[in-house]
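Presented below is the structure to which this report refers.
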Amino acid sequence: MSKTILNRVILNKTALNKLFLFFILLNSAQSFSQTAETPKHLSQTANQQAAVASAHPLATQAGIDIINQGGNAFDAAIAVTATLAVVEPYSSGIGGGGFYLLHQSKSDRYVMIDARETAPSSADKDLYLDEKGNVIDGASITGAKSAGIPGIPAALVHLAERYGKLTLKQTLASAINHAFNGFPVDEYYQRMVRFRLNALQKNKAASDIFLQTGDTPELGYHIVQKNLAKTLQKISTQGFSGFYKGELASTMVADVRQNGGIWSVKDLADYKIIERTPDVSSYRGMKLIAASLPSSGGLVLSEILAILSAFDIEKMDEAQRIHIIVEAMRRAYRDRAEYMGDPDFIEVPSEFLTSDAHIKSLISSVDQNASTPSASLKAVAQPSGQGSDTTHFSIIDKQGNIVSATLSINYPFGSCFVAKGSGVLLNDEMDDFAAKPGVPNVYGLVGSRANAIEPGKRMLSSMTPSIVETSERIAVIGTPGGSRIITMVLLGILEFYADKSADEIVNAGRYHHQYLPDVISYEPDVFDESLVNALQELGHKTKALERTYGNMQVIVLDKKTGRLDAASDDRGLGKAKVLP
Ligand code: GLY
């Protein structure tokens, strides 16, 4: 434990508590209302460059090619999405969903394209329970029944029709080419396959496409997806109807139902993209625009940043700073578990959660000298879900249009179910709903009735595509990582605030707390022994993870020079490219 912490904890605890209370009172006049405080930065600067950062070099190249062909950031987003769907099938795909945070430079408008999956119309809250009311192991994770109605095909069409300059034929060409001709297997692909091998082997269509004679493909083996190429072609020529109506839709529904799923033709035809207002909040003059509900990302970040605004974390030593950040994470994730879900189905008290009164009560419950056991906070009535694989990309074009997009099929290779004949690997996003009150999901997240399954409802997400801005710089930021997405974006934002480069932001060490389980998990070697001791001395449980996590893609714009700095996380195999 560091000397400073020892002094604080052992010698000076009472005095410090008094000081802390004084500090809170001193701050009581300060407004924590996020919207009211949002700084009005000049959102746009004339940049002369364009950049794409994504989790796969072929997808980044597809985006760059589209910009070189005269497309804008939104066209590039279509190309990157579709190419990732082909070459990163374990992370996202046209059988999945996601959130696109857009900034249109001309009108200085921010909008979130909600392409989240929806629950089929015959789904109900007990969909994954047995007759005794227990959660059926794996039912919401593997197979046709775990799939929500996909949103990505509708998003591609929506982006092309409302925001792009090029045709879908142009923007989908690269993805179709990679699907038709195949892409080579790398080590990361092999790792993802090994993780889901049993499930992939259970579905012949999935096994035929993603495995080599029923097993993990060898390095360099080509994954060819001819049916997916045809499906993408259909979308490029017929738009929404090509996927959601007609022959393809009927064939997919028939195969889903034959395999225990509950999709209907009407569910597909009824799917709708929703344009939503993103969440806006601030932190010491920095403005954050992030995904809004049904992603919990923006709201949870708002709460965390509002709590942190009351503490001088930049001046604290490392253990104290991490302690305060963790206490803020704990409290915001608790609120996530209790209150958050699809705002079109439940009343989420967003205003209350970011109100002065609520934030002040959260701040005053933080003990600077000791962790607050999660069990001592007001219990959450009831569970929720989250996936570990997902993908993020960031794009800025030469006109200053921005896309920050996080997309997912949930678990690696989603449901591991390919609807016969379509080449479409379906998501298992239904696991992001709360399957049963009080039972944590595969990622240990708990939730409430706010996130219970209902027909047509969108499952709560942690995907947090964000755009963050100071008076000098703008960052486009996001990452995959299930329940850890929000805390990764938070740590990335704090790095950005500390004036770090894109490379430093994506490669900074990571740690996480999500209320339950009550433990700080951290990447290997990110905390040294003395830091672990100091945190344990403050009452925290700590857990060193076996592997690193996340795959952050960041572009930073220097407003004065208009220059771009882009980076793709060293933990993944992605690529960031800046066009001169
Ligand atoms: N399936 C990951 C998320 O939506 O948070």
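The NZ atom of Lys420 sits 5.5 Å away from the CD atom of Gln258 when rounded to the nearest 0.5 Å. Note that CG of Asn410 and OG1 of Thr390 are 6.5 Å apart. Values are rounded to the nearest 0.5 Å. Between Leu268 atom CG and Phe243 atom CZ the span is 6.5 Å, to the nearest 0.5 Å. Between the CG atom of Leu228 and the CZ atom of Phe180 there is a distance of 12.0 Å, given to the nearest 0.5 Å. The OG atom of Ser296 sits 10.0 Å away from atom CE of Met463, with the distance rounded to the nearest 0.5 Å. In this structure, the separation between CD1 on Ile520 and CG on Leu535 is 5.0 Å, given to the nearest 0.5 Å.
Between Met252 and Ala419, the shortest heavy-atom contact is CG-CB, 3.7 Å. The heavy-atom pair separating Ile67 from Leu579 by the smallest distance is CG2-CD1, 3.7 Å. The nearest pair of heavy atoms linking Ser568 to Ser54 is OG-O, 3.5 Å. Of all the heavy atoms in Ala51 and Ala566, the pair that sits closest is CB-CB, 4.3 Å. In this structure, Val86 and Ala175 approach most closely via the heavy-atom pair CG2-O, 3.6 Å. Residues Gly63 and Ala76 approach most closely at O-CB, 3.7 Å, considering heavy atoms.
Atom CG of Asp525 has 12 or fewer neighbouring heavy atoms from other residues, nucleotides or ligands inside a 6.0 Å radius.
Remark: of the listed residues Ile395, Ile474, Leu102, Ile555, Ile474 is the sole one forming a side-chain contact (heavy atoms from CB on, under 4.5 Å) with Ile402. For the side-chain contact (heavy atoms from CB on, under 4.5 Å) criterion with Leu168, the lone passing option out of Leu232, Thr237, Ile78 is Ile78.
For Asp270, the salt bridge (Lys or Arg N to Asp or Glu O under 4.0 Å) criterion is met by Lys266, not counting sequence neighbours. Judged as a salt bridge (Lys or Arg N to Asp or Glu O under 4.0 Å), and not counting sequence neighbours, the contacts of Asp114 are Arg276, Arg458. Residues satisfying the side-chain contact (heavy atoms from CB on, under 4.5 Å) test with Ser207, not counting sequence neighbours, are Leu211. The salt bridge (Lys or Arg N to Asp or Glu O under 4.0 Å) test applied to Asp565 returns no partner, not counting sequence neighbours. For Lys575, the salt bridge (Lys or Arg N to Asp or Glu O under 4.0 Å) test picks out no residue, with sequence neighbours left out.
Under the 6.0 Å distance and 45° angle rule, Lys543 does not count as a cation-pi partner of Tyr522.
Counting only residues at least two apart or in different chains, ring pair (Phe, Tyr, Trp, His ring centres under 6.0 Å) contacts with residues 140-174 comprise Phe74-Tyr163. Residue pairs meeting the salt bridge (Lys or Arg N to Asp or Glu O under 4.0 Å) criterion with at least one member in residues 237-261, sequence neighbours excluded, do not occur. Residue pairs meeting the ring pair (Phe, Tyr, Trp, His ring centres under 6.0 Å) criterion with at least one member in residues 201-227, sequence neighbours excluded: Phe210-Phe413. Applying the side chain to side chain donor-acceptor pair (under 3.5 Å) rule to pairs touching residues 166-175 yields Thr83-Ser174, Thr167-Gln170, sequence neighbours excluded. Applying the salt bridge (Lys or Arg N to Asp or Glu O under 4.0 Å) test to every pair with at least one member in residues 198-220, sequence neighbours left out, gives these pairs: Lys204-Asp208.
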Test salt bridge (Lys or Arg N to Asp or Glu O under 4.0 Å) applied to Lys165 and Asp397, step by step: CA-CA 13 Å; Lys165 285 159 64 181; Asp397 67 20; over 6 Å; no
Tyr549 and Ser521: CA distance, side-chain angles, deciding distance, side chain to side chain donor-acceptor pair (under 3.5 Å) verdict: CA-CA 11 Å; Tyr549 59 89; Ser521 51; 5.3 Å; no
Evaluation steps, side chain to side chain contact (heavy atoms under 4.5 Å, CB included), between Asp431 and Tyr411: CA-CA 9 Å; Asp431 190 61; Tyr411 226 39; over 6 Å; no
Residues Leu425, Ile209; criterion side chain to side chain contact (heavy atoms under 4.5 Å, CB included); working and verdict: CA-CA 10 Å; Leu425 177 62; Ile209 297 167; over 6 Å; no
Which side-chain N or O atoms in residues 141-156 pair as donor and acceptor under 3.5 Å with protein atoms at least two apart or in another chain?
residue: Thr142; atom: OG1; partner: Arg196; partner atom: NH1; Å: 3.3
residue: Lys145; atom: NZ; partner: Leu127; partner atom: O; Å: 3.4
residue: Ser146; atom: OG; partner: Gly143; partner atom: O; Å: 2.6

Taking only distance into account, with no hydrogens and no angle test, what donor-acceptor pairs under 3.5 Å do side-chain atoms of residues 487-496 form with protein atoms, sequence neighbours excluded?
residue: Thr487; atom: OG1; partner: Arg484; partner atom: O; Å: 3.1
residue: Thr487; atom: OG1; partner: His512; partner atom: ND1; Å: 2.7
residue: Glu495; atom: OE1; partner: Lys500; partner atom: NZ; Å: 3.1

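In this structure, the side chains of Tyr100 and Leu407 come closer than 4.5 Å at one or more pairs of heavy atoms. With a 4.5 Å cut-off on side-chain heavy atoms, Tyr188 and His56 do not count as touching. Counting heavy atoms from C-beta outward, Ile273 and Tyr271 have side chains that approach closer than 4.5 Å. With a 4.5 Å cut-off on side-chain heavy atoms, Asp342 and Leu460 do not count as touching. Side-chain contact between Phe183 and Tyr189 is present, with heavy atoms from C-beta onward closer than 4.5 Å. Arg571 is not listed as a side-chain neighbour of Asn551, based on a closest heavy-atom distance of 4.5 Å or more.
Side-chain N or O atoms of Glu117 include none that pairs as donor or acceptor with a backbone N or O of Glu429 at under 3.5 Å. A donor-acceptor pair is defined here as one N or O able to donate and one able to accept, closer than 3.5 Å; no such pair exists between the side chain of Asp432 and the backbone of Met459. Side-chain N or O atoms of Gln553 include none that pairs as donor or acceptor with a backbone N or O of Ser394 at under 3.5 Å. Of the possible polar contacts, none joining the Asn427 side chain to the Gly97 backbone as a donor-acceptor pair under 3.5 Å is found. At distances below 3.5 Å, at least one donor-acceptor pair connects side-chain atoms of Ser415 with backbone N or O atoms of Leu426. Here the side chain of Gln225 pairs no donor or acceptor atom with the backbone of Gly423 at under 3.5 angstrom. Remark: side-chain polar atoms of Asp130 are not paired, donor with acceptor, to backbone N or O of Ile136 under 3.5 angstrom. Judged by distance alone, with hydrogens and angles left aside, the side-chain atoms of Asn451 form no donor-acceptor pair with the main-chain N or O of Met340 at under 3.5 Å. Proximity of a side-chain donor or acceptor of Gln201 to a complementary backbone N or O of Gly214 within less than 3.5 Å is detected. Arg191 places no side-chain N or O within donor-acceptor distance of the main-chain N or O of Asp186, the cut-off being under 3.5 Å.
Using modelled atom types, one finds no donor on one side chain facing an acceptor on the other under 3.5 Å when comparing Gln69 with Asp65. No donor-acceptor contact under 3.5 angstrom links the side chains of His392 and Thr479, judged on distance only. Checked by atom type, the side-chain pair Ser241/Gln238 shows no donor-acceptor distance below 3.5 Å.
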